[in-house]
Enquirer: 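This is the structure I want to talk about, given as structure tokens.
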Amino acid sequence: MPELPEVETVCRGLAPVLSGQIIASVKLARPDLRFPLPDRFAQRLEGRRVRSVSRRAKYILAHLDDDSVLAMHLGMTGRFTIAAKDKAAPEPLGEYVYGHGADARHDHVVFRLKNGAVITYNDARRFGYMSLIASQDLAHDPFFANLGVEPLGDDLTPEYVAAKAAGRKSDIKAFLMDQRIIAGLGNIYVCEALYRARLKPTLPAGRLAARGAKPSDAARRLVPHIKAVLTEAILAGGSTLRDYQHTDGSSGSFQESFSVYGREGEPCLTPGCKGTVRRKTQGGRSTFFCGVCQRT
DNA sequence: AAGCGAACCTGGCTGC
DNA sequence: TGCAGCCAGGTTCGCT
């Protein structure tokens with residue numbers, strides 16, 4: 001599962017393959033993923049040209065020439081693989097090869113492009129989903145209407161965080177994972193950002209706000225760390241754990257840079273800190289943190 | 001309204 | 001080897 005950096009990486013893999021190309025056919029292995037696919041899904045896509053590919057939160061958006069948007073979410077185990085078996089395919093497709101370890105039983109949607117490229121959506125747990133939305137309705141679509149700010153955009157500021165957090169009693173970790181506040185953070189990068197900011201994951205979210213809902217020191221410390229950890233992860237091509245791979249089957253490397261995630265029992269990496277990384281369950285998810293240097 | 005837990009679904013790993 | 005149990009990157013739903 002892909003959090004923002006992984007989705008961004010997949011998006012960058014798909015963009016050059018899809019952009020400007022015409023969808024020749026769409027084959028569905030089943031009528032639903034997490035939710036039923038839209039009515040006449042395949043027919044509505046066939047013959048459409050993809051204008052561009054972008055990302056919003058953890059969604060990949062393919063903008064089509066009939067002013068509709070194909071929105072795709074990878075859930076926990078969704079992945080795209082790209083094949084360019086057609087000899088006539090343009091050069092840039094050459095580096096992509098189909099089928100790195102994906103179990104074909106979970107190939108649910110296959111897009112064939114007019115130029116011969118084949119893009120396959122594989123999702124073992126089927127928590128992913130796809131939707132077709134008219135461009136002008138995107139902002140009101142249930143999937144998108146309540147999304148919070150992009151963490152790498154200018155809207156994520158200590159002031160924004162403080163205003164949203166003021167008075168909240170829930171854990172700072174749950175607050176940061178709430179897509180209605182910040183759209184794109186997930187379990188890994190919240191753990192990593194809290195570690196970098198030296199913030200205890202169980203801190204009440206309200207501590208991000210000082211008097212008058214102004215940013216606290218914690219909020220001023222946290223926001224730059226959120227942006228930094230996401231930016232670094234994107235540069236590394238995301239993190240590769242279990243089910244996630246790039247569209248070309250290769251791996252991201254940011255998991256090698258995790259400071260706390262998945263490091264239960266190992267020494268804290270903070271210079272001079274004698275702590276050990278601990279794991280606890282918050283909201284049904286594992287939180288990794290150092291109980292010694294993540295104090296306030 | 002906010003804040004929990006459960007549910008969705010499958011596979012991989014651990015330990016008896 | 002077999003099998004039960006636990007764990008997994010996300011999101012929605014329904015009940016306090």
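What's counted below: heavy atoms across the whole structure, side chains too, no hydrogens, waters or symmetry copies. Not measured: the values here are computed from a predicted model.
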Enquirer: Looking at Asp178(A) and Arg180(A), is there a salt bridge between them, counting it only when a charged N and a carboxylate O are closer than 4.0 Å?
Expert: yes
Enquirer: It should be established whether Ser170(A) places a side-chain nitrogen or oxygen under 4.0 Å from OP1 or OP2 of nucleotide dG3(B).
Expert: yes
Enquirer: Looking at Arg285(A), I'd like to know whether one of its side-chain N or O atoms comes within less than 4.0 Å of OP1 or OP2 on dG10(C).
Expert: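 For dG10(C), OP1 or OP2 has a side-chain N or O of Arg285(A) closer than 4.0 Å.
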Enquirer: Mind checking if Tyr189(A) touches a base, just sugar-phosphate, or nothing, with heavy atoms under 4.0 Å?
Expert: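 Answer is nothing: Tyr189(A) stays at 4.0 Å or more from every strand.
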Enquirer: Need to verify one output field. Residue with the more 5' nearest nucleotide on DNA chain B, His106(A) or Arg34(A)?
Expert: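 Looking at DNA chain B, the more 5' nearest nucleotide goes with Arg34(A).
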Enquirer: State whether the side chain of Ser135(A) and the backbone N or O of Asp67(A) hold a donor-acceptor pair below 3.5 Å, judged by distance alone.
Expert: yes
Enquirer: Does the ring of Phe127(A) lie flat against the base of dC8(B), closer than 5.5 Å centre to centre with planes under 30°?
Expert: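 Answer is yes, a stack.
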Enquirer: How long is the line joining CD of Glu264(A) and C1' of dC6(C), in whole Å?
Expert: 13 Å
Enquirer: Please name all residues satisfying side-chain hydrogen bond (donor to acceptor under 3.5 Å, both in side chains) with Ser170(A), sequence neighbours left out, ordered by chain then number.
Expert: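 With neighbours one apart ignored, the set is empty.
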Enquirer: Between Phe258(A) and Phe288(A), is the ring centroid distance below 6.0 Å?
Expert: no
Enquirer: Whole angstroms only, please: what is the CG-P distance between Asp123(A) and dG10(C)?
Expert: 13 Å
Enquirer: Establish, with yes or no, whether the OP1 or OP2 oxygen of dG9(C) is under 4.0 angstrom from a side-chain nitrogen or oxygen of Tyr261(A).
Expert: yes
Enquirer: Check this one for me: any side-chain N or O of Lys169(A) less than 4.0 Å away from OP1 or OP2 of dG3(B)?
Expert: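 No, because none of the side-chain N or O atoms of Lys169(A) sits under 4.0 Å from OP1 or OP2 of dG3(B).
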Enquirer: Reckon Phe254(A) touches a base, only the sugar-phosphate, or nothing at all at heavy-atom distances under 4.0 Å?
Expert: nothing
Enquirer: Taking the basic N atoms (NZ, or NE/NH1/NH2) and the acidic carboxylate oxygens, is any pair closer than 4.0 Å for Arg48(A) and Asp65(A)?
Expert: yes
Enquirer: Below 30° counts as parallel, above 60° as perpendicular, anything between as tilted: where do the rings of His73(A) and Tyr129(A) land?
Expert: parallel
Enquirer: Who passes ring-ring contact (aromatic ring centres under 6.0 Å, His included) against Phe175(A), sequence neighbours left out?
Expert: none
Enquirer: Looking at the base of dT10(B), is there any donor atom on it, or on the side chain of Arg126(A), that sits under 3.5 Å from an acceptor on the other one?
Expert: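 Side chain to base: no pair below 3.5 Å.
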Enquirer: Do Arg168(A) and dA2(B) share a donor-acceptor pair, side chain to base, under 3.5 Å?
Expert: no
Enquirer: Expected output is a numbered-order residue list: members of residues 178-186 of chain A with a heavy atom under 4.0 Å from any atom of DNA chain C. What is it?
Expert: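 Those residues are Gln179(A), Gly186(A).
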